[in-house]
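Residues take their numbers from the sequence shown, with the count starting at 1.
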Amino acid sequence: MHELSLVASMFAILEEQARAHGATRVTAVVLKVGVMSGAVPDLLESAFEAYRKGTLAEGARLEIVVVPVKLRCPDCGGSTVREDTDFSCSACGSRRVEIVEGRDLVVDKIELETDGA
């Protein structure tokens with residue numbers, strides 16, 4: 001379960017941002033999870049739930065946005081969004097495609113609370 005180490009890294013980002021903005025709490029986090037990132041959303045949620053206790057994010061809401069695979073075709077210039085494992089261009093059928101989205105795990109948004117709220 002490498003999701004726990006991913007969440008630990010995410011908390012380093014949350015704490016850094018909270019300090020940088022003088023926040024007392026993290027109230028929400030939006031995490032974009034590419035389907036090819038190697039991370040399992042359900043396990044990320046479980047790890048987040050366990051890890052947040054006793055931190056600035058205790059009680060914070062986690063929203064996970066699953067990002068599908070987006071392909072770009074150098075042969076016809078088209079782009080394709082895939083929900084399945086078919087890595088071919090939907091316009092011309094070429095298999096010489098470049099993956100342009102769907103591999104990353106990104107902290108997209110953090111909601112913070114300060115003393116002045």
Side-chain angles (χ1 to χ4, degrees):
M1 179 173 166
H2 75 290
E3 281 76 4
L4 192 55
S5 64
L6 294 172
V7 167
S9 296
M10 181 176 71
F11 270 78
I13 294 168
L14 298 179
E15 289 171 3
E16 176 186 309
Q17 290 301 310
R19 268 194 309 274
H21 293 87
T24 54
R25 287 187 51 220
V26 176
T27 57
V29 179
V30 177
L31 188 62
K32 288 187 171 182
V33 181
V35 295
M36 291 184 62
S37 68
V40 178
D42 289 347
L43 296 178
L44 287 169
E45 286 177 3
S46 296
F48 182 84
E49 190 72 28
Y51 204 91
R52 69 182 181 169
K53 292 178 181 151
T55 71
L56 290 175
E58 187 165 355
R61 174 179 51 83
L62 175 65
E63 179 183 344
I64 293 178
V65 178
V66 176
V67 179
V69 172
K70 183 175 180 182
L71 308 170
R72 185 166 42 113
C73 179
D75 292 338
C76 74
S79 63
T80 304
V81 175
R82 291 290 188 193
E83 299 290 333
D84 54 26
T85 57
D86 180 3
F87 291 93
S88 63
C89 176
S90 62
C92 72
S94 174
R95 292 204 158 293
R96 285 184 357 107
V97 292
E98 175 187 0
I99 299 171
V100 293
E101 285 184 6
R103 289 192 278 200
D104 298 324
L105 181 74
V106 177
V107 176
D108 186 53
K109 183 178 177 184
I110 304 169
E111 290 180 13
L112 303 171
E113 183 177 288
T114 60
D115 281 339

Heavy-atom side-chain contact between R95 and D86 under 4.5 Å: yes
Greater than 12 external heavy atoms within 6.0 Å of R72's CZ: no
pair L105-L6: side-chain heavy atoms closer than 4.5 Å: yes
Which atom of R52 lies closest to which atom of E49, heavy atoms considered: NH2-OE2, 2.7 Å
Within-4.5 Å side-chain heavy-atom neighbours: I99 and V69: yes
Atom pair CZ (R96) and SG (C76), whose distance is rounded to the nearest 0.5 Å: 11.0 Å
Residue pair R82 / S90, side-chain heavy-atom distance below 4.5 Å: yes
Straight-line distance of D115 CG to T24 OG1, nearest 0.5 Å: 5.0 Å
Results of side-chain contact (heavy atoms from CB on, under 4.5 Å) for V81 - residues two or more places apart only: P68, K70, E83
Rounded distance (nearest 0.5 Å) linking atom CD of E3 with atom CE of M10: 11.5 Å
S88 versus V97, closest heavy-atom pair with distance: C-CG1, 4.2 Å
Option from T27, V26, V30 for which side-chain contact (heavy atoms from CB on, under 4.5 Å) with E111 holds: T27
Side chain to side chain, D104 and V67, heavy atoms closer than 4.5 Å: no
Approximate separation, where rounding is to 0.5 Å, of R19 CZ and L112 CG: 12.0 Å
Minimum-distance pair of heavy atoms, taken over all atoms of E58 and R25: O-NH2, 4.3 Å
V66 side chain near P41 side chain, heavy-atom distance below 4.5 Å: yes
Rounded distance (nearest 0.5 Å) linking atom CG of L14 with atom CZ of F48: 7.0 Å
Spatial distance of atom CG (L31) from atom CD (E45) [nearest 0.5 Å]: 10.0 Å
Connected via hydrophobic side-chain network under 4.5 Å: Y51 and I13: yes
Minimal non-hydrogen separation, L71 against F87, with atom names: CD2-CD2, 3.7 Å
